[in-house]
2 protein chains.
Amino acid sequence: MTVLKPTAQPLYQQVKQHLVHRVLTGEWKPGQLLPSEFKLADEYGLSQGTVRKAIEDMASEGLVTRQAGKGTFVTTHDGDYHPFRFHRFYSDQGERIAKDEAVLVSSSPAKADTRIAKGLDIRKGTAGCKTVRIRQLHAEPALVETFFLIDSICPGARDFLEQENPKSVYLFMERHYNLLITKVLEQLRARSATEQEAELLNLEPGTPVLEVERIAYSLGGEAVEWRTIVGATDHIHYRNELG
Amino acid sequence: MTVLKPTAQPLYQQVKQHLVHRVLTGEWKPGQLLPSEFKLADEYGLSQGTVRKAIEDMASEGLVTRQAGKGTFVTTHDGDYHPFRFHRFYSDQGERIAKDEAVLVSSSPAKADTRIAKGLDIRKGTAGCKTVRIRQLHAEPALVETFFLIDSICPGARDFLEQENPKSVYLFMERHYNLLITKVLEQLRARSATEQEAELLNLEPGTPVLEVERIAYSLGGEAVEWRTIVGATDHIHYRNELG
DNA sequence: CAGTGGTCTAGACCACATC
DNA sequence: ATGTGGTCTAGACCACTGA
């Protein structure tokens with residue numbers, strides 16, 4: 001690894017950035033095996049330990065997964081491991097919501113409104129696709145999930161969604177667009193249910209509901225999905241562990 | 001470090017556990033300097049690198065803080081660093097709530113009700129101290145904070161609280177009881193404001209409010225505080241970053 | 001069996017803090 | 001000048017995987 005300036009970043013961080021870039025550009029796709037530490041160390045002309053530190057950093061951020069005796073793999077949402085790592089809704093008995101399939105309500109072309117445009121940092125009116133689905137608990141509607149995907153990033157999403165109705169949108173984005181979601185930002189509010197929500201969730205109009213507004217960021221740091229998740233919290237709650 | 005069984009945990013994990021125990025028992029108190037890596041390596045009869053890995057683990061968990069050229073310190077909530085690391089409420093302009101002082105409403109002896117007892121994993125009726133405070137935004141009441149401390153863990157808390165009215169309860173617990181809060185579990189719900197809440201927050205009765213129910217755990221993993229934070233979310237929200 | 005990641009050692013040099 | 005944590009190297013042995 002060529003060090004242009006002696007005051008530059010540590011070598012292992014340079015290696016890490018380069019490896020992240022190689023994952024990003026699709027050199028190794030989700031689920032695929034990376035070269036071993038020794039091979040990468042040879043390639044970069046560094047010691048194994050330095051490359052190891054770069055990879056350990058990536059692993060701690062969830063970008064890759066390491067398995068002793070096998071190798072280092074690009075993380076996929078496909079495995080048993082992190083299918084719904086961003087879902088924070090639980091029933092009061094401790095079950096995770098969203099294991100079951102989502103019920104598709106509607107999926108249609110849409111233009112970004114002010115709120116969506118602000119969240120995704122795009123221009124108002126940008127073309128996209130808006131989808132509404134319902135998550136159930138014990139066969140009862142529990143949550144309304146509304147998400148917006150940008151046409152220029154996820155072309156043809158509407159057709160794919162109607163064909164597949166995937167359990168996990170992020171797995172769907174990974175498969176079709178090679179977008180790996182690594183970070184989401186959520187803003188939570190309490191408000192009264194709208195008429196549409198009351199109808200979809202079998203609630204009295206005006207019932208207090210919890211609204212989660214979420215922006216999802218891909219590996220490159222680009223905002224790629226806007227979403228709200230809305231539901232009454234009589235039998236479910238949003239769980240958060242800090243520290 | 002004596003290895004009794006060759007199949008035991010890695011040495012650095014054994015060292016880490018032992019160091020955590022020494023912090024827990026107060027050998028080094030919050031803010032104090034730990035011995036250097038070399039001294040600890042000597043003490044345990046290991047190489048510096050092994051001790052380093054143990055300490056890096058502790059640092060990544062926030063238990064200690066490292067500073068090049070100075071040393072490794074037991075983390076304290078006192079410094080500039082993490083005064084309100086568990087506060088997730090922001091105004092819609094992005095300001096953090098709870099910078100200002102909290103307004104003390106009441107502080108009185110209380111017995112754990114069913115909900116508190118369940119949260120803290122103690123018997124119903126356990127003696128403690130219940131305190132209600134208000135957090136303001138721009139001199140307007142924004143959040144009602146209600147917390148319960150157990151007498152056997154925090155004796156005399158009521159007197160201390162009335163004397164000091166501390167900005168941060170966790171800093172207060174650290175100073176008086178050597179309890180370092182490292183983890184909290186929060187459950188969020190939307191519901192209607194109670195009469196008392198409506199009065200304290202200048203709301204119409206029945207307004208939807210966000211309720212955060214929090215259990216705080218000390219370094220040893222013991223549940224030491226139960227709390228709710230309640231407020232309307234017209235101008236503020238709960239922010240959560242995942243991944 | 002060879003290859004992988006996981007652990008551990010013993011050295012080296014650096015930038016930074018403190019005195 | 002000394003001591004600290006931060007980086008980097010070059011070796012070693014281990015447990016596990018898979019052919």
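Quick caveat: nothing in here was measured; it's all calculated off a predicted structure. Below, chains carry the letters A, B, ... as their sequence lines are ordered, and counting in each starts from 1.
A/Gln17 meets the side chain to side chain donor-acceptor pair (under 3.5 Å) test with A/Gln9; sequence neighbours excluded. Residues forming a side-chain contact (heavy atoms from CB on, under 4.5 Å) with B/Ala59 (at least two apart in sequence, or on another chain): B/Val64, B/Arg66. Annotation: ring pair (Phe, Tyr, Trp, His ring centres under 6.0 Å) contacts of A/Phe147 (sequence neighbours excluded): none.
Taking CD1 of B/Ile116 as the start and CH2 of B/Trp226 as the end, the distance is 4.5 Å to the nearest 0.5 Å.
Ring planes of B/His176 and B/Phe160: parallel class, angle under 30° (limits at 30 and 60°).
Remark: A/Arg133 engages A/Glu145 in a salt bridge, criterion side-chain N to carboxylate O under 4.0 Å.
Listed by first and then second residue, the salt bridge (charged side-chain N to carboxylate O under 4.0 Å, His left out) pairs that reach into residues 16-25 of chain A are A/Lys16-A/Asp57, A/Lys16-A/Glu61, A/Arg22-A/Glu27, A/Arg22-A/Glu43, sequence neighbours excluded.
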Open item on the list: For DNA chain D, please output the secondary structure as dot-bracket, reading 5' to 3'. Pairs are Watson-Crick or G-U wobble, both atom distances under 3.5 Å; mark crossing pairs with [ ], other-strand partners with |, unpaired with a dot.
Closed with: |.||||||||||||||||.

Task: Contact state string [nucleotides 3-9 of chain C, B base, S sugar-phosphate only, - no protein heavy atom under 4.0 Å] - done: BBSBBSB

